[in-house]
Student: 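Following this message is one structure expressed as structure tokens.
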There are 2 protein chains.
Amino acid sequence: MTGTDTTPERAPGGASDAALAVSTVIFALRPHETTGRMTLWIPLVRRTRDPQKDLWALPGGWLPVDEELVSAAARTLGETTGLAPTYLEQLYTFGELERSPGRRVVSVVYWAMVQSAEAERAAENENVRWFVADELPLLAFDHNRIIDYALWRLRTKVEYAAIAHAFLGATFTLAELREVHEAVLQRHIDPANFRRTVEASGTVVATGEVVAGTRHRPPRLYRYDASIDLADRGPLGPESVPGTAASGAAAAVSAPSSPPSVPHTGEQR
Amino acid sequence: MTGTDTTPERAPGGASDAALAVSTVIFALRPHETTGRMTLWIPLVRRTRDPQKDLWALPGGWLPVDEELVSAAARTLGETTGLAPTYLEQLYTFGELERSPGRRVVSVVYWAMVQSAEAERAAENENVRWFVADELPLLAFDHNRIIDYALWRLRTKVEYAAIAHAFLGATFTLAELREVHEAVLQRHIDPANFRRTVEASGTVVATGEVVAGTRHRPPRLYRYDASIDLADRGPLGPESVPGTAASGAAAAVSAPSSPPSVPHTGEQR
DNA sequence: TCAAAAGTGTTCTCTGTACACCCATGA
DNA sequence: TCATGGGTGTACAGAGAACACTTTTGA
């Protein structure tokens, strides 16, 4: 009765169709420039062409016909920051008629996390700059709204899923992991309760090593349990990103797949 | 440095670009044909053209350049079932290179709920048929996987968000609302505890009327509190669907917008 | 020996669950 | 009066928050 996916009365393929773009909201944790507290930062690129020229915008580009969505997100992310994401997930697809003046643009938006340590030595030049996530200027198109949504997604997901480690290296102390949670959620977390909660979740494994050199009791080092990690991503299974070898930790990229018939923990929402 | 959204080195607009489609997973509750228990049903359309001809598929179509994504979803939904959705939300965008043979197709997929009562008198013919959601045949393209993900989304969201009422009419008893939860979650729910949980959430308001004619104590009728409803959808605000006047209840369509700076309840995840 | 953070123990509150029990109606 | 589901009361278990307290290091 009605045309279904890929069987229309009228086949698309002209200049009158909507243009498909991919953009990514990239998060990293770095100290705030004035307060010194750990804060969420986002790299943006300056627009050098005309719709909205000179405004800051999310990194992205048109989708090549022969490239996966997630690959396009990872590629443009790498071209901007010179880094590989440790986490990459589709956020939402924005396609309002008037979001880009003059032309219908549908943007599949991803959000990503990169490691704090590596973000320090990230490329920054005339056309690429890092901004504090909560102190953004007026951006191009609807990118302020997109980032607001990505921020909400990051903050709510950190509360129930074990993804905070994506900001850290391969091993970390529980104090470092707690600092990530506190920076993302913008509130104090009790160290004692945080320790018990994380240990009870089973998402983290002690390496047996400790960090020496502190002027207090040496903290233990932990590593992420990758086998648990998959279950924590809920219905999302791993997906490889061709041509995106992560520098350091392996990139954890998620996309929807068949949900487990029986929930593993009670964690996925 | 790199082309950003809508400012590429190469502007798209040829037949070599990916085609943009919109599809919808539609849910309704109807009694199971053999067991008689309330079950999730999904309407599918038979493919009449060649990629995957004669297989059943999700209703949808190509995105017109001058139509909103959500409107395209609502329109194709109406063309299939003859009904208006009481809930409509974007699910995910699927764009794998080989998901459709011969052509690169990117599908923005929505999921919807329609009222059970109206679904009973929904159009069903040679090319449109309702299926039990958990007993699907092999479908066209990756539609089995898409429906699995939509099912997971519906079930997890019913657990924390007040959306079950979308399967019901304007007023309903708590037993009816509980029956929706039980059918969706596929498990028994204690009536006493369910009542207290729902009443405490404040998402429902007693109309003062009761249902007579039962051979037991007459149950009270409730109505949804629309003002609370918005907060329950988390970061998602209402969005109008032009040309989709709902037959009966107003359509609740959600799309992402700025998240509230302070979470209303603890409900949105 | 002292400061500081790591790590442990204890208590309290809140939420969800199980289940006993009473209420109001039609047959 | 009885069967049936509507509706209320209560007690128990687990999760999370608050906070006192002990441990281990470097200075």
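Owing to the predicted nature of the structure, the values given are computational and were not obtained by experimental measurement. First the proteins, then the strands, lettered A, B, ... as listed; each starts at 1.
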Student: In this structure, how many angstroms lie between the P atom of D:dG6 and the CD atom of B:Glu179, rounded?
Tutor: 10 Å

Student: What is the distance from CD of B:Glu176 to C1' of D:dG6, rounded to the nearest Å?
Tutor: 13 Å

Student: Calculate the interatomic distance between B:Phe194 atom CZ and C:dT15 atom C1'; express it in whole Å.
Tutor: 16 Å

Student: Tell me whether the rings of A:Trp111 and A:Tyr87 are parallel (<30°), tilted (30 to 60°) or perpendicular (>60°).
Tutor: tilted

Student: Pick the closest DNA chain D nucleotide for B:Val210 and for A:Thr197 by heavy atoms, then say which residue is nearer the 5' end.
Tutor: B:Val210

Student: Could you state the CZ-P distance from A:Phe172 to C:dA6, rounded to the nearest angstrom?
Tutor: 14 Å

Student: Rounded to the Å, how far apart are A:Glu182 CD and C:dA5 C1'?
Tutor: 13 Å

Student: We want to know whether A:Thr93 and B:Thr93 form a side-chain donor-acceptor pair, criterion being a heavy-atom distance below 3.5 angstrom.
Tutor: yes

Student: Tell me whether A:Thr24 contacts the main-chain N or O of A:Ile26 through its side chain, where contact means a donor paired with an acceptor under 3.5 Å.
Tutor: no

Student: Rounded to the Å, how far apart are A:Ile189 CD1 and D:dG16 P?
Tutor: 13 Å

Student: Treat primed atoms plus P, OP1 and OP2 as sugar-phosphate and everything else as base, then score nucleotides 19-27 of chain D 5' to 3': B for base contact with protein heavy atoms under 4.0 Å, S for sugar-phosphate contact only, - for none.
Tutor: B---BBBS-

Student: Whether the side chain of A:Glu199 engages the backbone of A:Arg196 through a donor-acceptor N/O pair (distance < 3.5 Å, no angle test) should be reported.
Tutor: no

Student: Verify the contact: side-chain N or O of B:Arg220 to OP1 or OP2 of D:dG6, cut-off strictly under 4.0 Å; return yes or no.
Tutor: no

Student: Between B:Arg155 and B:Asp134, does at least one N-O distance fall below 4.0 Å, as a salt bridge requires?
Tutor: yes

Student: Under a 3.5 Å distance rule, please check whether B:Asp190 uses its side chain to pair with a backbone N or O of B:Arg195 as donor and acceptor.
Tutor: no

Student: For A:Arg195 and D:dA17, give me the distance from atom CZ to atom C1', rounded to whole Å.
Tutor: 17 Å

Student: What's the CD-P distance between B:Glu159 and C:dT17, to the nearest Å?
Tutor: 9 Å

